[in-house]
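Down below is the structure, laid out as C-alpha cells.
Worth knowing before you read on, the calculation uses all heavy atoms, side chains too, and leaves out hydrogens, waters and symmetry mates. What you see is a predicted model, and the numbers here were worked out from it, not measured in a lab.
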Amino acid sequence: MGLSIRCSDGRVLGGELFAVPDGVERLGTVVIACATAVKASYYHRYAAFLAAHGFDAVTFDYRGIGASVGGSLRGQKVRWYEWGTLDIDAALTWALERSAGLPVHLVGHSFGGFGVGLAPHASQVQRILTVGAQHAYWRDLRFKDQVRHCAQAAVAVPLVGACGYFPAKRLGLMEDLPGGVAVDWARSRKDFTTATTGDQRAALLASLARVTAPILALASTDDSYATIAAIERAVAYTHNSAVRIIHLRPEQYGESSLGHFALFHSRFRRTFWEQTLRWLKAGDWPAA
C-alpha cells in the first residue's frame with residue numbers, strides 16, 4: 001500500500017506499507033531505513049518477507065531520492081542531518097502512531113542504521129538491527145578503500161558545485177543525490193555531530209543519548225565501508241544502548257563475497273533474513 005509520510009517541516013515522503021496478511025499474528029512494525037543513494041524499492045522483497053512473518057513493514061525514500069525526489073535536485077538544500085532528524089523520524093512517528101501498543105523496531109542499512117540515532121522518536125524504538133552501518137569517515141576504511149573513497153570524493157565535490165547536485169546516474173553509479181548529502185558522504189567528519197553547531201548540535205546529541213534500544217550491528221567481513229572501526233564509531237554515538245557487533249563471513253552463507261549490499265537479496269531469505277527475524281522477535285542471534 002502506498003504511503004504519504006509527512007515530516008515535521010511539511011515535506012512529504014513517498015513510502016510503502018507491507019501489511020501482515022489475514023490469518024497471520026501481528027507482532028509489531030518494522031521501519032526499514034535505506035542506505036545512501038539507494039531507493040526504498042530495493043528493500044521491498046525483504047519487507048514482504050517480514051510482513052509474511054508477522055511484522056508490518058514500512059519502507060520510504062529520503063527526500064531527494066526515488067518517490068520523495070521532490071522535483072529537480074538542483075539546489076535542494078538537503079543533508080544527512082535532515083534525512084535522520086526529519087525523514088527517519090517521520091517514518092518512525094507514522095509507525096508509532098499506528099502500532100496499537102505493539103513494538104516498533106528499525107532495520108537500517110548503511111547510513112540508515114546510523115541515521116536512526118538522529119531521529120528524536122528513536123527513543124521509542126524497541127530493537128534496532130543495522131547492516132553495514134557507518135557514516136563513511138575515510139580513516140576508518142582499509143588503505144585501498146581510503147584511496148578509492150578519496151578519489152570518488154574528489155570527483156563528487158566539484159560536480160556538486162557545477163551541477164547543484166551529484167549526478168551519480170551519469171557516472172554509472174546509483175541514485176542521484178542532493179548536493180549536501182553527497183558532500184556529507186565525501187567529507188564525513190571524525191565526529192559526525194560537529195557538522196552542526198549550537199542548538200542544532202545540542203538537540204542532535206540529546207536525540208542520540210535518548211536511544212536505549214538494544215542494537216545488533218551486523219556487517220560482512222568484506223564490506224569495504226563497514227569495518228570494525230567504522231561500526232564501533234557509529235554505535236558509540238548511542239552510548240546508552242546495549243550493542244552487539246557481529247561480522248558475518250561470506251562462507252557462512254555459501255558465498256565468496258557479500259560486500260555492502262548483498263544481504264538484502266532474496267537468495268538470503270532462508271538464511272540471513274531468517275536470522276534477522278529471530279532478532280526482531282526475541283532479541284536473539286544464533287551462534288556462529
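Residues Cys7 and Asp87 approach most closely at SG-OD1, 3.5 Å, considering heavy atoms. Nearest heavy-atom pair across Ala229 and Asp140 is CB-OD1, 3.8 Å. In terms of heavy atoms, Ile65 sits closest to Asp61 at O-CB, 3.2 Å. Nearest approach of Met174 to Val38, heavy atoms of both residues: CE-CG2, 3.3 Å. Arg26 approaches Ala100 most closely through the heavy-atom pair NH1-CB, 4.2 Å. Here the closest non-hydrogen pair linking Ile231 and Ala226 is CD1-O, 3.7 Å.
The aromatic rings of Phe192 and Phe111 sit tilted relative to each other, their planes meeting at an angle between 30° and 60°. Taking the six-membered ring where tryptophan is involved, the planes of Trp83 and Tyr62 are essentially parallel, since the angle between them stays under 30° and well short of 60°. Using cut-offs of 30° and 60° on the angle between ring planes, the pair Tyr46 and Phe49 is parallel.
Counting heavy atoms from C-beta on, the side chains of Tyr225 and His149 come closer than 4.5 Å. Within the 4.5 Å cutoff, the side chain of Leu27 has no heavy atoms near those of the Leu102 side chain.
When hydrophobic clusters are built by joining Ile, Leu, Val, Met, Phe, Trp and Tyr residues whose side-chain heavy atoms come closer than 4.5 Å, directly or via intermediates, Phe166 is grouped together with Val181. In the hydrophobic clustering of this structure, Tyr237 groups with Leu92; members are Ile, Leu, Val, Met, Phe, Trp, Tyr whose side-chain heavy atoms approach within less than 4.5 Å, directly or through other members. Both Leu177 and Val78 are members of a single hydrophobic cluster when ILVMFWY side chains are connected at heavy-atom separations under 4.5 Å. In the hydrophobic clustering of this structure, Leu118 does not group with Leu129; members are Ile, Leu, Val, Met, Phe, Trp, Tyr whose side-chain heavy atoms approach within less than 4.5 Å, directly or through other members. Cluster membership check: Tyr253 shares its hydrophobic cluster with Leu277, using side-chain heavy-atom separations under 4.5 Å among Ile, Leu, Val, Met, Phe, Trp and Tyr.
Remark: Arg63 engages Asp9 in a salt bridge, criterion side-chain N to carboxylate O under 4.0 Å. Ion pair Lys169/Glu175 flagged as a salt bridge, since at least one NZ, NE, NH1 or NH2 atom sits closer than 4.0 Å to an Asp/Glu carboxylate oxygen. Remark: Asp184 engages Arg79 in a salt bridge, criterion side-chain N to carboxylate O under 4.0 Å. A salt bridge is defined here as a Lys NZ or Arg NE, NH1 or NH2 lying under 4.0 Å from an Asp or Glu carboxylate O, and Arg267 with Glu255 meets this definition.
Using a distance-only test at 3.5 Å, with no hydrogens or angles considered, no donor-acceptor pair links the side chain of Thr85 to the main chain of Ala119. A donor-acceptor pair under 3.5 Å is formed between the side chain of Asp89 and the backbone N or O of His121. Remark: side-chain polar atoms of Arg98 are paired, donor with acceptor, to backbone N or O of Trp94 under 3.5 angstrom. At distances below 3.5 Å, at least one donor-acceptor pair connects side-chain atoms of Asp222 with backbone N or O atoms of Gly259. Counting only distance, with no hydrogens or angles, the side chain of His105 and the backbone of Arg127 share a donor-acceptor pair below 3.5 Å. With Ser220 contributing its side chain and Asp223 its backbone, the two residues share a donor-acceptor pair below 3.5 Å. Looking at Gln126, its side chain never comes within 3.5 Å of a backbone N or O of Gln124 through a donor-acceptor pair. Ser110 contributes no side-chain N or O that, together with a main-chain N or O of Ala133, makes up a donor-acceptor pair within less than 3.5 Å. Checking side-chain atoms of Gln76 against main-chain N and O of Val69 turns up a donor-acceptor pair under 3.5 Å. Checked by atom type and distance alone, the side chain of Arg74 pairs as donor or acceptor with a backbone atom of Cys163 at under 3.5 Å.
His260 and Ser224 are not linked by any side-chain donor-acceptor pair at a separation below 3.5 angstrom, with hydrogens and angles left out of the test. For the residue pair Trp80/Thr36, the side-chain donor-acceptor check at 3.5 Å is satisfied. For the residue pair Thr193/Arg201, the side-chain donor-acceptor check at 3.5 Å is satisfied. Side-chain contact, His109 with Tyr42: no donor N or O sits under 3.5 Å from an acceptor N or O.
Two rings, from Trp273 and His53, have their centers 6.0 Å or more apart. Aromatic ring centres of Phe272 and His265: separated by at least 6.0 Å.
Counted within 6.0 Å of CZ on Arg148, heavy atoms from surrounding residues, nucleotides or ligands total more than 12; the atom is thus considered enclosed.
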Distance-only donor-acceptor hits, side chain of residues 205-216, under 3.5 Å, sequence neighbours excluded:
residue : atom : partner : partner atom : Å
Ser207  : OG   : Ala203  : O            : 3.3
Ser207  : OG   : Arg210  : NH2          : 3.4

